[in-house]
Amino acid sequence: MLIQFFYTLRAARLKVTVPEYLTLLEALRAGVIGGAEDGGVARLDDFYHLARACLVKDETQYDKFDRAFAAYFKGVELLTDFSADVPLEWLRKNLELQLTPEQKAAIEKMGWDELMQTLKKRFEEQKERHEGGNRWIGTGGTSPFGNSGYNPQGVRIGGQGGGKSAVKVWEQRAYRDYDDTLELGTRNIKVALRRLRRFAREGSALELDLDGTIHGTAANAGLLDIRMQPERHNKVKVLLLMDVGGTMDEHVHRVEELFSAAKSEFKHLEFYYFHNCVYDFVWKNNRRRFAEKLSTFDLIRKYNRDYKLIFVGDATMSPYEILQPGGSVEYNNDEAGAEWLQRLTHAFPRYAWINPEPQGVWQYRQSIALIQQLMQQRMFPLSLSGLEGAMRLLSK
């Protein structure tokens, strides 16, 4: 029966191989789930966790696995891309619907195909919240789509069940944040940044050396010989230059998450701020940016070439700010921003630019195209896949 499950996973673009599928079958035959405590019957939740452990190699694929699993075992049709959330505002219940038995009997049922096709159409057409109606996704009405209303056969979306007649339930997926096209939280940023690691043991011997202890004890005729060793630390050095102010204000929360994750992941992290484009100085404290600034020349002289240089900015500005002396919106810079960017990338040959702007708008911004050219196309979006791509590049 699991052959079609295998094909469903492949249809969902999961890279499931035949050996992994055979491993799952072997685990089932060995009774890994469905033990005596369960009466010899495997529960669906247990099978879900076993199948995910056997078949999914990357946590960024958990969301695709959830959707494929639901498609096969819970009857949720893969009619369209339902990965986008229905806005919570659409599903907020404000009223209770009271219908007489005669009114309930008058509500027509849809056939299965019609119901699924209509849901797909409503999802594509609807733009705002609806309440108390009989057509749109909403609450408190007789529409077959939504919650807190009444329909003899519908798809419950959000809310709690009550009529017990829903033919499908739009369920929340526990791992949707791992989708590598989505925006990030601090935890997922840390996962991505860990691709940029080079460990070494430094400092005093504070950590148990398990292998050394075993070998030492064996060589000492069984007498316990405890060996200690220095802790492992990430030796990668990172120089982080972050755009602040102006159009970056709408990205403050996401950049703060990135900054917080970077500080926890990299022991050797140096950071400075700039506005729009780097010119002849940067600063540590944005409130005192003109009083306590550091010459960009001094920055280049201060840090060695082994630092990985990461720019964080939306690269959204007037092209004159990049190409023209005096183009800065804040002061009369003697040299164009492009000159300073070239000096920095020459001084730190391992570099990348992280852009919090949606990648779909990059082609419409002339300044982004200019920065991409100056960065030798080393610009990545602030998403899980984007950060992983940047970290892979910097680790070479």
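- No salt bridge links E270 with K302; every basic N to acidic carboxylate O contact stays at or beyond 4.0 Å.
- No donor-acceptor distance shorter than 3.5 angstrom exists from the side chain of S367 to the backbone of S318, with no hydrogens or angles considered.
- Remark: the backbone N or O of K15 is paired with a side-chain donor or acceptor of K57 at under 3.5 angstrom.
- Between the CZ atom in R10 and the OG1 atom in T8 there is a gap of 12.0 Å [rounded to 0.5 Å].
- Sorted by first and then second residue, the pairs that involve residues 273-282 and meet side-chain hydrogen bond (donor to acceptor under 3.5 Å, both in side chains), not counting sequence neighbours, are N276-E321, D280-Y331.
- Looking at T217, its side chain does come within 3.5 Å of a backbone N or O of D225 through a donor-acceptor pair.
- Looking only at distances, a side-chain donor or acceptor of N333 sits under 3.5 Å from a matching main-chain atom of G326.
- Formation of a donor-acceptor pair under 3.5 Å by the W362 side chain with backbone atoms of E357 is found in this model.
- The two residues R378 and P349 come nearest to each other via the heavy atoms NH1-O, 3.1 Å.
- The backbone N or O of P356 lies less than 3.5 Å from a partner atom in the side chain of R254, making a donor-acceptor pair.
- The CH2 atom of W353 lies 9.0 Å from the CG atom of L374; values are rounded to the nearest 0.5 Å.
- Formation of a donor-acceptor pair under 3.5 Å by the R305 side chain with backbone atoms of H346 is found in this model.
- With values rounded to the nearest 0.5 angstrom, D314 atom CG is found 7.0 Å from E250 atom CD.
- Remark: the backbone N or O of P19 is paired with a side-chain donor or acceptor of T23 at under 3.5 angstrom.
- Cluster membership for Y272 and I300, using ILVMFWY side-chain heavy atoms within less than 4.5 angstrom, is shared.
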Verdict with supporting geometry, R343 and T296, side chain to side chain contact (heavy atoms under 4.5 Å, CB included): CA-CA 9 Å; R343 288 190 182 108; T296 307; over 6 Å; no

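- Interatomic distance, CG of L50 versus CG of L55, reported as 8.0 Å (0.5 Å rounding).
- Both F311 and L370 sit in one connected hydrophobic cluster of ILVMFWY residues. Membership requires side-chain heavy atoms under 4.5 Å apart, directly or through other members.
- Looking only at distances, no side-chain donor or acceptor of D46 sits under 3.5 Å from a matching main-chain atom of I33.
- Put simply, the residue from F6, Y7, F5 that forms a ring-ring contact (aromatic ring centres under 6.0 Å, His included) with Y21 is F6.
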Would H253 and E257 satisfy side-chain hydrogen bond (donor to acceptor under 3.5 Å, both in side chains), going step by step from the backbone distance to the final call? CA-CA 6 Å; H253 178 68; E257 289 183 330; 3.2 Å; yes

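- In this structure the side chain of I310 reaches within 4.5 angstrom of the side chain of M391, judged on heavy atoms.
- Side-chain heavy atoms closer than 4.5 Å link hydrophobic residues (I, L, V, M, F, W, Y) into clusters, and following such links, even through other members, never connects L309 to W340.
- Judged purely by atom type and a 3.5 angstrom limit, K308 uses its side chain to pair as donor or acceptor with the backbone of L394.
- You'll find the ring centres of F65 and Y48 inside the 6.0 Å limit.
- For the pair K284 and F271, the cation sits on the ring face: its NZ or CZ lies under 6.0 Å from the ring centre, inside 45° of the axis.
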